[in-house]
Amino acid sequence: MPLRMSTLFLRTLRDDPADAEVASHKLLVRAGYIRRAAPGGYTWLPLGLRVKNKVENIVREEMNAIGGQEVHFPALLPKEPYEATGRWEDYGDGIFRLQDRSGADFLLAPTHEELFTLLVKDHYSSYKDLPVYLYQIQTKYRDEARPRAGLLRVREFIMKDSYSFTIDDAGLDEAYEKHREAYVRIFARLGLEVVAVEAMAGAMGGSRSEEFLHPSAAGEDTFVESPGGYRANVEAVSTVVPEAIDYTNAAAPEVKDTPESTTIAALVDVANDLAPKQTGQWQAHETLKCVVLTAVLDGEQRQVFVVAVPGDRDVDVKRLEASIGEALGVTGEPSVEPATENDIAKHTQLVPGYIGPTAFNDGQLQQMLGTDSHTGIPFFVDPRIVPGSTWITGANEDQKHVFGLVAERDFSWDGVLEATAVQDGDPAPDGSGPLAARRGMEMGHIFQLGRKYAEALGLKVLDENGKQVVVTMGSYGIGISRAVAALAEAHHDEQGLIWPINVAPAHVHIVATGKDDAIFETAEEFATKLEAAGIEVLLDDRRKAHAGEKFSDAELIGVPIHLIVGRGLAKGTVELKDRFAATREDIAIDDALEHVTNLVHSYQNR
RNA sequence: CGGGACGUAGCUCAGCUUGGUAGAGCGCGCGCUUUGGGAGCGUGAGGUCGCAGGUUCAAAUCCUGUCGUCCCGACCA
C-alpha cells in the first residue's frame, strides 16, 4: 500500500522553527519528520520513523553479516554493575540516576558494556564458546549539559552498540577489523561520507580506537589530516617533537623591561618595540607561556602546578587530565582547572603576568619552578620545549621578562606533558607535510577495550589447558539518530531534503495535480504497479491542495524521485523529476513504469 | 557551569519603552470561486501571554525568583 498524503500524519511548516539553527534541524522539523517533545528529546513522526528504521535495518544487516547476534537490554538498570567498573562515579553528571520506591539506585544506561559483559559471564565459561559478537539497537540516555542542533546532540538517542568477546588479542584484532569493514559498508550503503580517524579512548578505557567522522562544518569534533593520508582526532594527535638544539654558543639570558605585557600579544608588541630582534620580528611562538593550573582530586585536594607552552598555543586542559595524575604521582584521576586567585595567592613568589621558570637573584640565575626549586611548585613543559630551544619568558619580576633563556642550560623541568592541542599547519606524525584541520560529526566509534571490563566484572573462561583466562573485549557504536541528522545535513538543497534512496521514506513520490478524475486514477494505477514491483510510493492524492503546494511539499519531504501526473496526461505524458540530478523530463505514459523502476534500481545499486 | 539573546494561538511573529478586558500572517473548520509553483473572497474556532511570587484599583507590559529554548565558551560516546 502506498503512503497517502491525504491521510499521512503530517503537517509541513512554511517557516523555519525559531529554535533551529542547523539545516538538518530546520528541515527535519519543517518536513514533518521529528518534533521536539522534551529538552533534548524528539518524537519520531511517521516519515522520520521510516527513515530511522531504514538506517537501523542497514546497520542490522551488516552486523548480522559479520556474525553479530542481536539482543536487547533494558535501558533502566541498577547501579551495581556500573559501580563495579567505577563508571557510576566516573560518569559524574553525565547520566540520569533515579531511585525506585524502596530507595534503590538506578540509572538510565548511557551505554551497556557492563551488561553485555555480565550476560556473557552468565552463559559462557569456555574458550570453545568464543569468539562471540553481540549487539543491540537501543535508546541511550545522557544528561547532556547542552543538547543542540536537533537530533545531533540530544539526551535520549538511538545507538547500535556491539561488543566482541574473544579469547585473546588476536581475536580482538580480527573482531575489530571485521567491525571496521562493516562500518565502511554501512556508511557507504547509507550514502553518508565518513572518514576513519584515530581517536582517544576517553571514558571507555582501552587501547586502540577509531572514530568515523562525517566531515561537516556543523560537526562538533575537529580532526586533522596529512597529505599522506594520516587522519586523527585533534585529541589523539601526538606532538611531533623537534630535534634538540646545540646551545654551546648561545648568548646569555638577559632581563629586559617589558611594561604592561601580561599577555602574549602585548609581550610580542612590547618586545618588538623595546628590544627589537636583529633580524625580523619577535613572534608569539618564540615566547614561553607559563600557565598556572590546579589539579583537583576528589573535588577537594588542590595541587597547584605550572605548565610551559609556546606562546602561540593554548593549554588543552583535557589533554593534561589524561596524564597529570601520573605526572604528579597521585592516585586517582584529578581534574584540571585554571588556578584561582586563591591558589596563586598561596605562592607569593609568583608574579602573575610575569611568571617564568627562572629569576635573577643578585645577578645569579635561579630556578623558580619545579619540585626541586625553592617554590616547590611542580613544573612541566610541552614536548616542543626541547633542550637548546630559546625563549622569551617571565622573569618573575613585575614588568620584566627574560630574553634568550635556553631550555636545559638555564632551566629544568619535572616532566614533559602533552599540554596543547594540535593546530592547523603543524607537522604530521607521518612526516608527509602539514596537518590540515577539519570539522566532523562523530557517527561511529570502535574501541579495543581489552580486559578492563572483563576484569572488573570477573568475566573469565577456561582455556584449552583448563586455566582461567580473562576475556578480551571490543566495543563498537553507531549513532542511529545522529546518522539521520547527518544524512539530512549532507543531502539537501534550498527546496528541501534529498534522501539517498536507501534511507528515503519512500522511493518515488507520485504527485497528482489537476482536478480530472482521470489524473487521480492514473496516479493510483502507477502507485499500485510500482508497489507491486517492490518500489515504495508516497502518493499525493489530495484533491484540494494546489499544485504549487504539492510541489513544495514534495521538495521539502525529499523523496528523491518524483513522478508528476497532471496536465501532460492529455497528450499522454507524465513528468519524471530526479532530485539528485536536478533534472525533469516528460516521458510517455507507457514508458513511465519502466523508466521509474530503472531509475530507482540504478540509485539502489550505486 | 560562565557570558549573551529569547519565551504571547499549531507555526512565524507584533504588542511591553509610557500598565487599562489579546493581535497579525500562515495553518485549521464551513461556504463559494480557483486548480502546474504554498490562490481569492466571506465566515468561524483556537491563547490561564512559560511557571510562581510581588508591586498596583488594574500586569503580556514593572520587580524578584524559577523553568525552558537558542547562540558562544567549558564539558561530553
Side-chain angles (χ1 to χ4, degrees), chain A residues 10-22 25-26 29-30 32 35-41 87 90-95 109-113 138 140-150 152-155 157-161 199-206 209-213 220-221 233 235 314-318 321 335-338 441-447 449 475-482 495-496 511-516 519-520 540 542-556 562 564-570 574-575 577 584 586:
Chain A
L10 170 73
R11 183 104 303 141
T12 58
L13 302 179
R14 197 176 287 229
D15 302 302
D16 285 333
D19 59 359
E21 188 70 17
V22 301
H25 186 192
K26 290 177 183 171
V29 172
R30 273 188 63 200
R35 183 84 161 177
R36 201 187 83 89
R87 293 208 295 182
D90 288 352
Y91 260 108
D93 294 332
I95 52 173
T111 171
H112 281 78
E113 276 77 6
Q138 230 271 10
K140 307 288 185 187
Y141 297 85
R142 307 250 168 110
D143 189 359
E144 291 287 348
R146 187 153 83 82
R148 62 174 287 273
L152 279 178
R153 174 161 300 276
V154 289
R155 303 212 274 192
F157 59 98
I158 300 159
M159 176 162 123
K160 185 285 300 179
D161 49 327
M200 280 235 302
M204 308 294 292
S209 99
E210 283 167 282
E211 288 173 324
F212 288 79
L213 299 183
E220 297 183 282
D221 290 276
N233 193 302
E235 296 167 358
D314 290 325
V315 165
D316 184 333
V317 166
K318 197 171 169 182
E321 283 180 344
S335 64
V336 172
E337 56 187 60
M441 297 176 189
E442 185 180 354
M443 293 291 107
H445 203 155
I446 55 180
F447 296 91
L449 286 180
S475 94
Y476 318 88
I478 287 182
I480 302 280
S481 38
R482 187 180 277 179
Q495 272 70 47
V511 181
T513 71
K515 51 185 173 179
D516 295 347
I519 288 171
F520 287 86
D540 198 340
R542 293 175 293 179
R543 287 282 185 150
K544 295 225 166 133
H546 283 242
E549 190 179 351
K550 291 182 175 183
F551 293 145
S552 296
D553 277 345
E555 281 148 4
L556 183 60
H562 299 178
I564 299 152
V565 183
R567 64 183 177 196
L569 192 63
V574 291
E575 186 177 328
K577 194 158 148 189
R584 46 205 284 182
D586 288 334

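For clarity, every value in this text was computed on a predicted model and none was experimentally measured. The figures here come from the full heavy-atom set of this structure, side chains too, leaving out hydrogens, waters and symmetry mates. First the proteins, then the strands, lettered A, B, ... as listed; each starts at 1.
With the nearest nucleotide of RNA chain B identified for both A/Met159 and A/His546, A/His546 has the one nearer the 5' end. Nucleotides of RNA chain B nearest to A/Ala20 and A/Arg584 differ in position, and the one nearer the 5' end is that of A/Arg584.
No side-chain heavy atom of A/Ile478 sits under 4.5 Å from any side-chain heavy atom of A/Met443. When side chains are defined from C-beta on, A/Thr111 counts as touching A/Met159, because their heavy atoms get closer than 4.5 Å. A heavy-atom distance below 4.5 Å is not found between the side chains of A/Arg567 and A/Thr513. In this structure the side chain of A/Arg584 never reaches within 4.5 angstrom of the side chain of A/His562, judged on heavy atoms.
When the P atom is compared between B/G53 and B/C13, the two are found 30 Å apart, to the nearest whole Å. Atom name P, nucleotides B/U12 and B/C75: the rounded distance is 33 Å, in whole Å. The separation of B/C63 from B/U55, taken at their C1' atoms, amounts to 7 Å, rounded to a whole angstrom. Rounded to whole Å, the C1' atom of B/A74 lies 7 Å from the corresponding atom of B/C1. Separating the C1' atom of B/G50 from that of B/C6 is a span of 12 Å, rounded to the nearest Å. Remark: the separation of the P atoms in B/A60 and B/G7 is 16 Å, to the nearest Å. Rounded to whole Å, the separation between the C1' atoms of B/G31 and B/G25 comes to 22 Å. To the nearest whole angstrom, the two C1' atoms, one in B/A22 and one in B/G47, are 8 Å apart.
Residue contacts shown for A/Glu555 include a base, since a base heavy atom lies under 4.0 Å away. A/Lys26 comes within 4.0 angstrom of no nucleic acid atom, judged by non-hydrogen atoms across all strands. Looking at heavy-atom distances under 4.0 Å, A/Gly444 makes no contact with the nucleic acid at all. Counting any heavy atom pair closer than 4.0 Å across all strands shown, A/Gly566 reaches a base atom.
Each of A/Gln138, A/His445, A/Lys140 was scored for a side-chain hydrogen bond (donor to acceptor under 3.5 Å, both in side chains) with A/Asp161, with one residue passing: A/Lys140.
Here the nucleotide nearest the side chain of A/Glu21, chosen from B/C71, B/G36, B/A77, is B/C71. Considering only side-chain atoms of A/Arg36, the nucleotide from B/A77, B/G68, B/G36 that sits closest is B/G68. The side chain of A/Glu442 approaches B/A77 more closely than any other nucleotide in the set B/G38, B/A77, B/G37. In the set B/C28, B/A77, B/A39, the nucleotide with an atom closest to the side chain of A/Arg11 is B/C28. Closest to the side chain of A/Glu549, from the set B/G36, B/G37, B/G38, is B/G38. Closest to the side chain of A/Phe447, out of B/G38, B/G36, B/A77, is B/A77. Among B/G38, B/G37, B/A77, the nucleotide with an atom closest to any side-chain atom of A/Thr12 is B/G38.
Between the C1' atom of B/G36 and the CG atom of A/Leu569 lies a distance of 14 Å, rounded to the nearest Å. Remark: P of B/G37 and CD of A/Gln495 are 15 Å apart, rounded to the nearest angstrom. In this structure, A/Glu575 places its CD atom 13 Å from P of B/G36, rounding to the nearest Å. B/U69 atom C1' lies 17 Å from atom CZ of A/Arg153, rounded to whole Å. What separates CZ of A/Phe551 from P of B/A39 is a distance of 14 Å, to the nearest Å. For A/Phe520 and B/G36, the CZ to C1' distance is 12 Å, given to the nearest whole Å. Here B/G36 presents its P atom at 14 Å from CG of A/Asp540, a figure rounded to the nearest Å. With rounding to whole Å, A/Arg542 atom CZ is found 21 Å from B/U34 atom P.
B/A39 is paired with B/U33 under the criterion used here, namely a Watson-Crick or G-U wobble arrangement in which both key atom distances are under 3.5 Å. With a 3.5 Å ceiling on both atom-pair distances, the Watson-Crick or G-U wobble partner of B/C70 is B/G4. Base pairing of B/C62: its partner is B/G54, meeting the Watson-Crick or G-U wobble criterion (both donor-acceptor distances under 3.5 Å). For B/U18, there is no paired base (Watson-Crick or G-U wobble, both distances below 3.5 Å). Both distances falling under 3.5 Å, in either a Watson-Crick or a G-U wobble arrangement, place B/C28 opposite B/G44. Pairing for B/C49 is absent, with no Watson-Crick or G-U wobble pair whose two atom distances lie under 3.5 Å.
Here A/Ala512 pairs with A/Ile519, A/Phe520, A/Ala523 under the side-chain contact (heavy atoms from CB on, under 4.5 Å) rule; sequence neighbours left out. In this structure A/Tyr476 satisfies the ring-ring contact (aromatic ring centres under 6.0 Å, His included) test together with A/His179, sequence neighbours excluded.
Between B/A77 and A/Arg142, no contact under 4.0 Å exists linking OP1 or OP2 to a side-chain N or O.
Salt-bridge formation is detected for the pair A/Lys577/A/Glu555: a Lys NZ or Arg NE/NH1/NH2 atom is positioned less than 4.0 Å from an Asp or Glu carboxylate oxygen.
Within the 3.5 Å criterion, the main-chain N or O of A/Ile158 finds a donor-acceptor partner in the side chain of A/Ser481. Side-chain atoms of A/Arg30 do not come within 3.5 Å of backbone N or O of A/Leu556 as any donor-acceptor pair.
In the interface, the side chain of A/His445 is not paired with the base of B/A77 through any donor and acceptor atom under 3.5 Å apart.
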Counting primed atoms, P, OP1 and OP2 as sugar-phosphate and everything else as base, the B/S/- map of nucleotides 1-13 of chain B against protein heavy atoms under 4.0 Å is ---------SSSS
